[in-house]
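What you see below is based on every heavy atom in this structure, not just the backbone, and it leaves out hydrogens, waters and symmetry mates. Start at 1 and go down the list; that is how both ligands and their atoms are numbered.
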Amino acid sequence: MARKELAVDSVAEAYLALLAERGVEYLFANAGTDFAPLVEAFAKAARTGMRVPQPVLATHENLALSMAHGYAVTSRRVPATMVHVSVGTANGVCGALNAARENVPMLFTAGRSPLTESGFPGARDVYIHWAQEMFDQAGMLREIVKWEYELRNGQQLETVLDRALSIATTPPGGPVYLSLPREILAAPLPGFFYDSPARRVAAAPPGPDKGAIEEAAGILAAAENPLIVTASAGRDPAAVEALAEFARRFAIPVVQHRPRHLCLPADHSCHFGYDAGPFLDNADAILVLECDVPWVPSLKAPRPGCKVIHIGVDPLFSRYPIRGFPCDLAVIGAPAAALSALSEALDRHIAAPATSERRRRLAEQREKLLAGWQKVGEAVASLRPIHMAWASACIARVKPDDAILVNEYTLMQEHCGSNRPGSYFGSSTASGLGWGGGAALGAKLAAPDRLVIAVLGDGSHLFGNPVAVHHASAMHKLPVLFVIMNNSMWGAVRRATLGMYPRGEAARSNKPPLIDLDELPAFEAVCAAAGGYGERVEDPSALPAALERAVRAVTVEKRQALLNVICRGP
Ligand SMILES: Cc1ncc(C[n+]2csc(CCOP(=O)(O)OP(=O)(O)O)c2C)c(N)n1
């Protein structure tokens, strides 16, 4: 532990140095006039060699935040982002909501319009400085972030930054927001001292309550047909191992509903796919593990007598206004620790022979499930337009085991499973579209030696600012394979309309409004325009070879690639 001194010309310099000192590797940024002191500080650091985060330019804020999100979940480190005052914050709100709902720690910063009209270094000198100021800039996302503050002077810098980072990373993690007025960044900071390492650190994850774990073990031991439903247990790779061990030991099927992380390897004997529906009639105890929406009650719910246990760092999802899933027992605890405690307790409640019959039954059930998936895969293999199940199966064939899949909507995991922790990331449960392309670039930044494949709908891809994404890929040398499953529509809107009005006007219409995207650009040509490899694929039998060519472009030629796969919806 030491108190260090750093000679700096400005608060901006001290801020960047302190970010690097606290382990922040990258600052994902979309700049404006508020950045002048930071640009100056970065330029000086490049000359002097002072350690600062690497600036990563993104030409849209949603891209900057999505890149930070992808980087954070892949590296498990905290990224910093910086955007331009009120307007940049407005563009970044969607990315912040995606990150917040997924508990992704992130330092989200923005400049403030200069506060003063003259007299200070950094005072207003451009006409926009009046209109861009807001009474409450942070009000746009106060509901979303865990904490927000404005840096008011350089003397407070260390406390403010350490507090921001420690709150962001304390479980449940999430974005925090810090605004940085231009005059404060430009101010001199003589005698800048800071602690190394930091003296204000994140709180350790919560351990589960012993009594509650006993009760949970009692419920699971008494159940004939227990079930585990999870979405994000795999946020912590240690939890994947713990869940694999727990499920195997007690023969409990695991369903991953809309997973955002790989929670259980696809080849695990207790992996039962992605839909709890088929289990809900028989389940007599369900463990909902790090999962906000384990099933959709208006479609299908567990039988009334089924006991439901929720375990997670915030098992009630207290930031959601309404969430009324039955909950007979809720336990606060990080999944890895909770599962290990539960395993120990269940060992005392349950005898091995009691699970052997269930194990046999599950093996048969799983065989049927896999055979069903395979049958679907074979039935659709030659359909034209290409079926998303076939496209998913083709991706499964070309991807190495350590590839990272970033899925914004259209990858069908039953046909493209992954086995390694940290090899699959699904879009946020907030579903702010336009995340996948940027997230894939962020993942590639964190794991440069792995193949990163972004699977996107045509709609999702357009939300993600394709030109900005391809530019960032080229500029930052982040070759990623983009597979666009192009059904030329917002299928989700179509499904929602037909679901509500199955015999309505829209169902009878050949072309209901606000669904078809028509006249879509040649996405492959947009990628090629940024120096990438691009191909349009319409013939299902041509897809495997096209994927091989695209993977080669990424892994051998080290340039981005995009396949525009003309598809039919799921
Ligand atoms: C920012 C944002 N705007 C609008 C939506 C509503 N929305 C959900 S899915 C969807 C369509 C996505 O289209 P695509 O990626 O092509 O997938 P498809 O629905 O066709 O399977 C839209 C518009 C959203 N989730 N996020």
Open item on the list: Within this structure, what is the CG-CD1 distance for the pair L456 and I484, rounded to the nearest 0.5 Å?
Closed with: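 With rounding to 0.5 Å, CG (L456) is 4.5 Å from CD1 (I484).
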What about [X]: any of its N or O atoms under 3.5 Å from an N or O on ligand 1?
| X | value |
| --- | --- |
| Y409 | no |
| A492 | yes |
| W490 | no |
| M388 | no |

Please identify which atoms of ligand 1 are closer than 4.0 Å to at least one heavy atom of [X].
| X | result |
| --- | --- |
| R495 | 19 (O), 21 (O) |
| N487 | 16 (O), 20 (O) |
| G457 | 14 (P), 15 (O), 16 (O) |
| D458 | 16 (O) |

TODO: Quick one: sort the Y26 and F28 rings into parallel, tilted or perpendicular, breaks at 30° and 60°.
DONE: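 Answer is tilted, since the angle falls between 30° and 60°.
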TODO: May I ask you to decide if the ring planes of W373 and H271 are parallel, tilted or perpendicular, using 30° and 60° as cut-offs?
DONE: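 Perpendicular.
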Open item on the list: Given S428, S431, C94, G459, identify the one with the heavy atom nearest to atom 25 (N) of ligand 1.
Closed with: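 Looking at heavy atoms only, S431 sits closest to atom 25 (N) of ligand 1.
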Task: For atom 18 (P) of ligand 1, the option (of A430, G434, G491, G436) bearing the nearest heavy atom - done: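 Looking at heavy atoms only, the winner is G491.
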Open item on the list: Can you tell me if Q374 has over 12 outside heavy atoms packed within less than 6.0 Å of its CD?
Closed with: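 Counting other residues, nucleotides and ligands, CD of Q374 stays at 12 neighbours or fewer.
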TODO: Might you confirm whether atom CG of L299 has over 12 heavy atoms from other residues, nucleotides or ligands at distances under 6.0 Å?
DONE: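 Counting other residues, nucleotides and ligands, CG of L299 exceeds 12 neighbours.
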TODO: Answer with yes or no whether the side chains of E150 and S179 bring together a donor and an acceptor at under 3.5 Å.
DONE: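 There is such a pair (donor and acceptor under 3.5 Å, judged by atom type) between the side chains of S179 and E150.
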Open item on the list: Taking 4.0 Å as the limit for heavy-atom contacts, which would you say applies to M485 with ligand 1: side chain only, backbone only, both, or neither?
Closed with: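 The answer is neither; M485 stays 4.0 Å or more away.
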Open item on the list: Are the side chains of Q413 and Y424 in contact, using a 4.5 Å heavy-atom criterion?
Closed with: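 Heavy-atom side-chain distance check passes, below 4.5 Å.
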